[in-house]
Amino acid sequence: KIKTTLDGGYIAIGNTTAANGSSKMFVVKTVATGAIQWSREFSIPGGADTRGTNIIQSVDGSYYFTGSALSAGTLNGSTDAVVGKLDGTGNIIWLKTYDARATETALGLAEDNLQLIVCGNQTGQSTSGFLVKLNKADGGIIWAKTYQSVHENFDDVTVVAAGYYINAARRITVAGLFTDHVFLLTDFNGNLTYSKYIRPFGGAKAISWASSFVKPNGHIVSLTTAEF
């Protein structure tokens, strides 16, 4: 993902792939013209693959990011969720993995005063979305919750006046298509207060991408794409 930064430049996160097929997380900071200011490549100690999925800049100039890692100590799953913090020049302040005894991937995050709210997916026999609230200072868990109706894909989270708004996609069966664009709202303790969905292309056409934006009046603007 690519985000704008406070100085008018850009910050991007993803991964690089070595000749042996293993991956490392890759973060690059550029100025407004695209010239590179700094870049960093890193992985979880003992991990075979580390991938970056999202990054934001805090008001103090530091960066928080999410991803996934195939860690040596992963329990009952292939990957752990990864969350970390960089200073303004890309040095790691803290880097942590979170394992709920399944396959976890952290995909979205938002800043909420002294905390971070992180969303992602937890996969076992089915897929559920999760929210984790963390202390910004050290990544310590305040609370963690999972949500499931059938098979969810939590892509991003936004802090709104009433709590946390989650942008998600859903499929009805494990092998089925992601056909539903789902809108969820929780309070600040992660309790679900609102859940709606639309099926913009019917039940036979998969959503290629789903995003949404919450307007100041609380209305939701939905964007979905599909291949025809």
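Applying the side-chain hydrogen bond (donor to acceptor under 3.5 Å, both in side chains) criterion to Gln115, with sequence neighbours excluded, gives no partner residue. Every residue meeting the side-chain hydrogen bond (donor to acceptor under 3.5 Å, both in side chains) condition with Asp112, not counting sequence neighbours, appears here in chain and number order: Tyr164. By the salt bridge (charged side-chain N to carboxylate O under 4.0 Å, His left out) test, Glu111 is found to be paired with Lys136, residues two or more places apart in sequence or in another chain being considered.
No salt bridge links Lys96 with Asp80; every basic N to acidic carboxylate O contact stays at or beyond 4.0 Å.
In this structure a side-chain-to-backbone donor-acceptor pair under 3.5 Å is present from Asn167 to Ala210. In this structure a side-chain-to-backbone donor-acceptor pair under 3.5 Å is missing from Asn15 to Gly52. With hydrogens and angles disregarded, no donor-acceptor distance shorter than 3.5 Å links the side chain of Asn153 to the backbone of Ala168. For Thr79 (side chain) and Glu104 (main-chain N/O), a donor-acceptor pair under 3.5 Å exists by modelled atom type. Proximity of a side-chain donor or acceptor of Asn189 to a complementary backbone N or O of Asn191 within less than 3.5 Å is not detected. In this structure, Thr225 contributes its side chain and Trp209 its backbone to a donor-acceptor pair below 3.5 Å. Remark: the backbone N or O of Gly9 is paired with a side-chain donor or acceptor of Thr5 at under 3.5 angstrom. In terms of modelled atom types and a separation under 3.5 Å, the side chain of Asn135 and the main chain of Gly139 share no donor-acceptor contact. The main-chain N or O of Ala106 is never found under 3.5 Å from a side-chain atom of Tyr98 such that the two would form a donor-acceptor pair. Using modelled atom types, one side-chain atom of Thr53 and one backbone atom of Thr66 make a donor-acceptor pair closer than 3.5 Å.
Counting heavy atoms from C-beta on, the side chains of Leu131 and Trp143 come closer than 4.5 Å. In this structure, Val27 and Ile11 have side chains that are in contact, with non-hydrogen atoms separated by less than 4.5 Å. In this structure the side chain of Thr50 never reaches within 4.5 angstrom of the side chain of Leu70, judged on heavy atoms. Contact annotation: the side chain of Tyr64 never approaches that of Gln57 to less than 4.5 Å [non-hydrogen atoms, C-beta and beyond]. A heavy-atom distance below 4.5 Å is not found between the side chains of Leu86 and Ile93. Side chains of Thr186 and Tyr194 form no contact here, defined as non-hydrogen atoms less than 4.5 Å apart. A heavy-atom distance below 4.5 Å is not found between the side chains of Val31 and Tyr10.
The number of heavy atoms from other shown groups lying within 6.0 Å of CD1 (Ile92) is above 12.
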Give the C-alpha distance, both sets of side-chain angles, the deciding distance and a yes or no for side-chain contact (heavy atoms from CB on, under 4.5 Å) between Phe183 and Ser212. CA-CA 9 Å; Phe183 318 98; Ser212 56; 4.3 Å; yes

- Message: Between Phe42 and Phe65, is the ring-ring contact (aromatic ring centres under 6.0 Å, His included) condition met? List the steps.
- Response: CA-CA 13 Å; Phe42 49 89; Phe65 60 89; 5.5 Å; yes

Please test Lys3 against Ile56 for side-chain contact (heavy atoms from CB on, under 4.5 Å), starting from the C-alpha separation and ending with a verdict. CA-CA 7 Å; Lys3 301 286 183 66; Ile56 59 172; 3.7 Å; yes

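The stretch residues 83-92 participates, sequence neighbours left out, in no salt bridge (charged side-chain N to carboxylate O under 4.0 Å, His left out) pair at all. Applying the salt bridge (charged side-chain N to carboxylate O under 4.0 Å, His left out) rule to pairs touching residues 191-206 yields Asp180-Arg199, sequence neighbours excluded.
Scanning all heavy atoms of the two residues, the minimum distance from Val182 to Ala169 falls at CG2-C, 4.3 Å. Here the shortest heavy-atom pairing between His181 and Ser222 reads ND1-OG, 2.9 Å. The heavy-atom pair separating Ser23 from Thr17 by the smallest distance is OG-OG1, 3.8 Å. The minimum heavy-atom distance between Asn121 and Glu152, with the atom names listed, is OD1-O, 3.7 Å. Taking each heavy atom of Phe130 and Ala81 in turn, the nearest pair found is CZ-CB, 4.2 Å. In terms of heavy atoms, Leu177 sits closest to Ala204 at CD1-O, 3.6 Å.
No cation-pi contact links Arg40 to Phe26, judged by a cut-off of 6.0 Å to the six-membered ring centre and 45° from its axis.
Rounding to the nearest 0.5 Å gives a distance of 4.5 Å between CD1 of Ile13 and CD1 of Ile55. Here the straight-line distance linking atom NZ of Lys24 with atom CD of Glu41 works out to 5.0 Å at 0.5 Å rounding.
The six-membered or imidazole ring of Phe213 lies away from that of Tyr165, with a centre-to-centre distance of 6.0 Å or more.
Taking Ile, Leu, Val, Met, Phe, Trp and Tyr as members and joining any whose side-chain heavy atoms lie under 4.5 Å apart, directly or through other members, the hydrophobic cluster of Phe201 also contains Ile207, Phe228.
Tested against Leu134, the residues Ile142, Leu109, Ile117, Val118 include a single side chain to side chain contact (heavy atoms under 4.5 Å, CB included) partner, Val118.
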